[in-house]
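To keep things clear, I will list the structure first and then write my remarks on it.
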Amino acid sequence: MDLIENLKRKIKGQGIKVVFPEGSDERIVKAACRLAQDNLVDPIILGTHDEVNAVLKASQITLPANAQVIDPKTYPDDQFEEMLNAFIERRNGKNTVDEGREWLRNVNNYFGIMLVYMHKADCMVSGAISPTGDTVRPALQIIKTKPGVSRTSGSFIMTRNDGKETYVFADCAININPSAEELAEIAVESIKTARLFDIDPKVAMLSFSTKGSAHSMEVEKVIDATQIAQKKAPNEMIDGELQFDAALIPSVGASKAPGSPVAGQANVFVFPDLQSGNIGYKIAQRLGNFTAIGPILQGLNQPVSDLSRGASEDDAYQVGIITAAQTLME
């Protein structure tokens with residue numbers, strides 16, 4: 001079964017509330033309405049009623065009954081004060097009441113994150129018209145990372161041939177130069193992402209070295225990260241350091257890393273830094289004709305997804321499905 005179709009089956013009719021803060025954007029409004037029409041999620045679109053209605057009219061679509069529009073600027077005073085008090089308490093002295101009022105009334109990502117934090121929504125999808133930081137920063141400040149996870153990370157699901165060839169690439173979106181401990185966290189969180197897509201995870205900690213073929217500080221970091229990840233998740237298949245060909249190709253894996261439980265059959269690839277991860281997924285996407293689904297933000301207490309500013313309506317629709325499905329994970 002197609003990956004997205006499988007996730008649709010899991011979330012359909014569950015009434016999962018997904019916040020879309022960018023109600024002025026045609027791609028977002030159309031994707032949110034499709035999700036509602038397909039009974040996959042109950043979207044909450046943030047924006048003025050005039051701007052959302054303008055998009056609906058231009059697109060010749062009607063707002064479905066299970067979708068709602070909320071304008072943060074006209075949110076009822078009693079509910080807004082409840083949100084403002086929760087925000088100030090969560091920020092623990094880092095913002096004044098006036099700052100909180102300004103942010104919540106005028107910055108849709110903060111208002112949307114607070115809906116999720118207060119369990120008035122289940123998750124959020126943003127980023128179509130704003131940089132990654134504008135989505136990730138409110139999420140880290142309010143929702144924060146899970147216990148034992150120091151920072152969030154961004155993975156991509158890479159799929160080709162109608163889902164018959166599927167991999168997880170991480171971190172390709174957030175952490176520029178993660179430490180060994182952080183790489184280990186990324187590996188463990190990527191295992192959870194793989195299972196969301198019914199992938200039986202076999203994790204390769206990538207390097208330009210395989211099992212001591214080269215020596216450097218960069219290689220040592222990956223070796224340390226592998227050992228930490230194995231201790232964090234002793235029942236999972238995690239190995240490194242492995243070059244990409246040794247991780248993927250059975251004959252190369254057998255030659256370069258004989259006896260490895262992962263070499264030659266990896267399907268979760270943890271890159272040593274953001275530069276290599278971002279370049280790697282784009283090469284696979286553009287030269288290998290893989291579809292890149294994501295980035296999927298990993299490690300947060302509640303799901304938040306960051307769209308690319310070049311995202312299409314279909315991208316927003318798919319990421320909405322993925323984010324909703326994350327709410328069903330343990």
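Note that the structure is a prediction, hence the values are computed from the model and not measured. Only this structure's heavy atoms are used, side chains among them; waters, hydrogens and symmetry mates stay out.
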Exercise. How about Ser153 and Gln298: does a side-chain donor come under 3.5 Å of a side-chain acceptor?
Worked result: yes
Exercise. Cut-off 3.5 Å, side chains only: do Arg160 and Asn289 have a donor facing an acceptor?
Worked result: no
Problem set entry | Electrostatic pair Asp198:Lys10 at N-O distance under 4.0 angstrom | yes
Exercise. Just by modelled atom types, is the Thr145 backbone N or O under 3.5 Å from a matching donor or acceptor in the Asn301 side chain?
Worked result: yes
Exercise. Salt bridge between Glu82 and Lys120, side-chain N to carboxylate O under 4.0 Å?
Worked result: yes
Exercise. Are the side chain of Ser213 and the backbone N or O of Thr210 linked by a donor-acceptor pair below 3.5 Å?
Worked result: yes
Exercise. Ignoring hydrogens and geometry, is there a side-chain-to-backbone donor-acceptor pair from Asp273 to Ile176 under 3.5 Å?
Worked result: no
Exercise. Taking C-beta and beyond as the side chain, do Lys8 and Ile321 meet within less than 4.5 Å on heavy atoms?
Worked result: yes
Exercise. So, are Lys57 and Asp50 salt-bridged, with charged N and O less than 4.0 Å apart?
Worked result: no
Exercise. Are side-chain N/O atoms of Asp38 and Tyr317 paired as donor and acceptor at under 3.5 Å?
Worked result: yes
Problem set entry | Distance, nearest 0.5 Å, that separates NZ of Lys94 from CD1 of Ile88 | 12.0 Å
Exercise. Which pairs, with at least one residue in residues 190-210 and sequence neighbours excluded, count as a ring-ring contact (aromatic ring centres under 6.0 Å, His included)?
Worked result: none
Problem set entry | Heavy-atom donor-acceptor pair, Glu236 side chain to Lys232 backbone, under 3.5 Å | no
Exercise. Under 3.5 Å, is there a donor-acceptor pair linking the side chains of Asp42 and Asn66?
Worked result: yes
For this session: Examine Arg105 relative to Phe80 and say whether NZ or CZ is less than 6.0 Å from the centre of the six-membered ring and inside a 45° cone about the ring axis.
Result: yes
Exercise. Which of these passes side-chain contact (heavy atoms from CB on, under 4.5 Å) with Ser24: Ile45, Ile129, Val55?
Worked result: Ile129
Exercise. What is the distance from atom OH of Tyr281 to atom CD1 of Ile293, rounded to the nearest 0.5 Å?
Worked result: 12.5 Å
Exercise. If you round to the nearest 0.5 Å, how far is CD of Gln302 from OG1 of Thr323?
Worked result: 13.0 Å
Exercise. Below 4.0 angstrom, N of the basic side chain to O of the carboxylate: do Arg34 and Glu313 qualify?
Worked result: yes
Problem set entry | Closest approach of Ala229 to Ala184 (non-hydrogen atoms, all atoms of both residues) | N-CB, 3.6 Å
For this session: For the residue pair Ile143 and Val116, establish whether any side-chain heavy-atom pair is separated by less than 4.5 Å.
Result: yes
Exercise. Shortest non-hydrogen contact from Ile157 to Thr166?
Worked result: CG2-CG2, 3.8 Å
Exercise. Taking Glu182 for the side chain and Ser179 for the main chain, is one N or O donor matched with an acceptor at less than 3.5 Å?
Worked result: yes
Exercise. With a 4.5 Å limit on heavy-atom distance, are the side chains of Leu104 and Phe87 in contact?
Worked result: yes
Problem set entry | Side-chain heavy-atom pair Thr193, Pro201 within 4.5 angstrom cut-off | no
For this session: Write down the atom of Glu241, the atom of Val222, and the distance for their closest heavy-atom approach.
Result: CB-CG1, 3.7 Å
Exercise. Would a distance-only check, ignoring hydrogens and angles, find a side-chain to backbone donor-acceptor pair under 3.5 Å from Asn85 to Glu81?
Worked result: yes
Exercise. Is it true that a side-chain atom of Lys211 and a backbone atom of Gly240 form a donor plus acceptor pair closer than 3.5 Å?
Worked result: yes
Problem set entry | Any donor-acceptor N/O pair, Asn108 side chain to Pro21 backbone, under 3.5 Å | yes
Exercise. What are the two closest heavy atoms between Ala32 and Pro43, and how far apart are they?
Worked result: O-CG, 3.4 Å
Exercise. Taking all non-hydrogen atoms of both residues, which atom of Ser130 and which atom of Thr135 are closest, and how far apart?
Worked result: OG-OG1, 4.3 Å
Exercise. Do the side chain of Asn175 and the main chain of Thr152 share a donor and acceptor less than 3.5 angstrom apart?
Worked result: yes
Exercise. Cut-off 3.5 Å, side chains only: do Glu185 and Ser150 have a donor facing an acceptor?
Worked result: yes
Exercise. Is there side-chain contact between Leu206 and Val270, with at least one heavy-atom pair below 4.5 Å?
Worked result: no
For this session: State plainly whether the residues Glu189 and Lys192 are in salt-bridge range, i.e. N to O under 4.0 Å.
Result: yes
Problem set entry | Any Gln326 side-chain heavy atom under 4.5 Å of Ser305 side chain | yes
For this session: With sequence neighbours left out, write down each residue that passes ring-ring contact (aromatic ring centres under 6.0 Å, His included) with Phe271, or none if nothing qualifies.
Result: Phe169
Problem set entry | Heavy-atom side-chain proximity of Val125 to Val19 below 4.5 angstrom | no
Problem set entry | No-hydrogen, no-angle side-chain donor-acceptor test under 3.5 Å, Ser126 and Asn109 | yes
Problem set entry | Side chains of Thr48 and Asp71, donor plus acceptor under 3.5 Å | no
Problem set entry | Lys202 NZ: over 12 foreign heavy atoms closer than 6.0 Å | yes
Exercise. Distance-only, no hydrogens or angles: does the Ser59 side chain make a donor-acceptor pair with backbone N or O of Ile61 under 3.5 Å?
Worked result: no
For this session: Report the C-alpha separation of Phe111 and Tyr75 in whole Å, then their side-chain angles, then the decisive distance to 0.1 Å, and conclude whether the ring-ring contact (aromatic ring centres under 6.0 Å, His included) test is met.
Result: CA-CA 10 Å; Phe111 187 94; Tyr75 198 54; 4.9 Å; yes
Exercise. Which value, rounded to the nearest 0.5 Å, describes the distance between Leu307 atom CG and Arg27 atom CZ?
Worked result: 8.0 Å
For this session: First locate atom CG of Asn278, then atom SG of Cys172, and finally report the distance between them rounded to the nearest 0.5 Å.
Result: 7.0 Å
Exercise. Would you call Glu181 and Arg151 a salt bridge, taking side-chain N to carboxylate O under 4.0 Å as the test?
Worked result: no
Problem set entry | Residues, nucleotides or ligands: over 12 heavy atoms within 6.0 Å of Gln275 CD | no
Seminar exercise, completed: What one should report as the nearest heavy-atom pair of Ser209 and Ala214 is OG-N, 3.1 Å
For this session: Rounded to the nearest 0.5 Å, what's the gap from CZ on Arg91 to OG1 on Thr96? Could you check?
Result: 11.0 Å
Check: residues 248-258 side-chain donor-acceptor pairs under 3.5 Å, at least two apart:
unit_1, atom_1, unit_2, atom_2, d
Lys256, NZ, Gln243, OE1, 3.1
Lys256, NZ, Asp245, OD2, 3.4

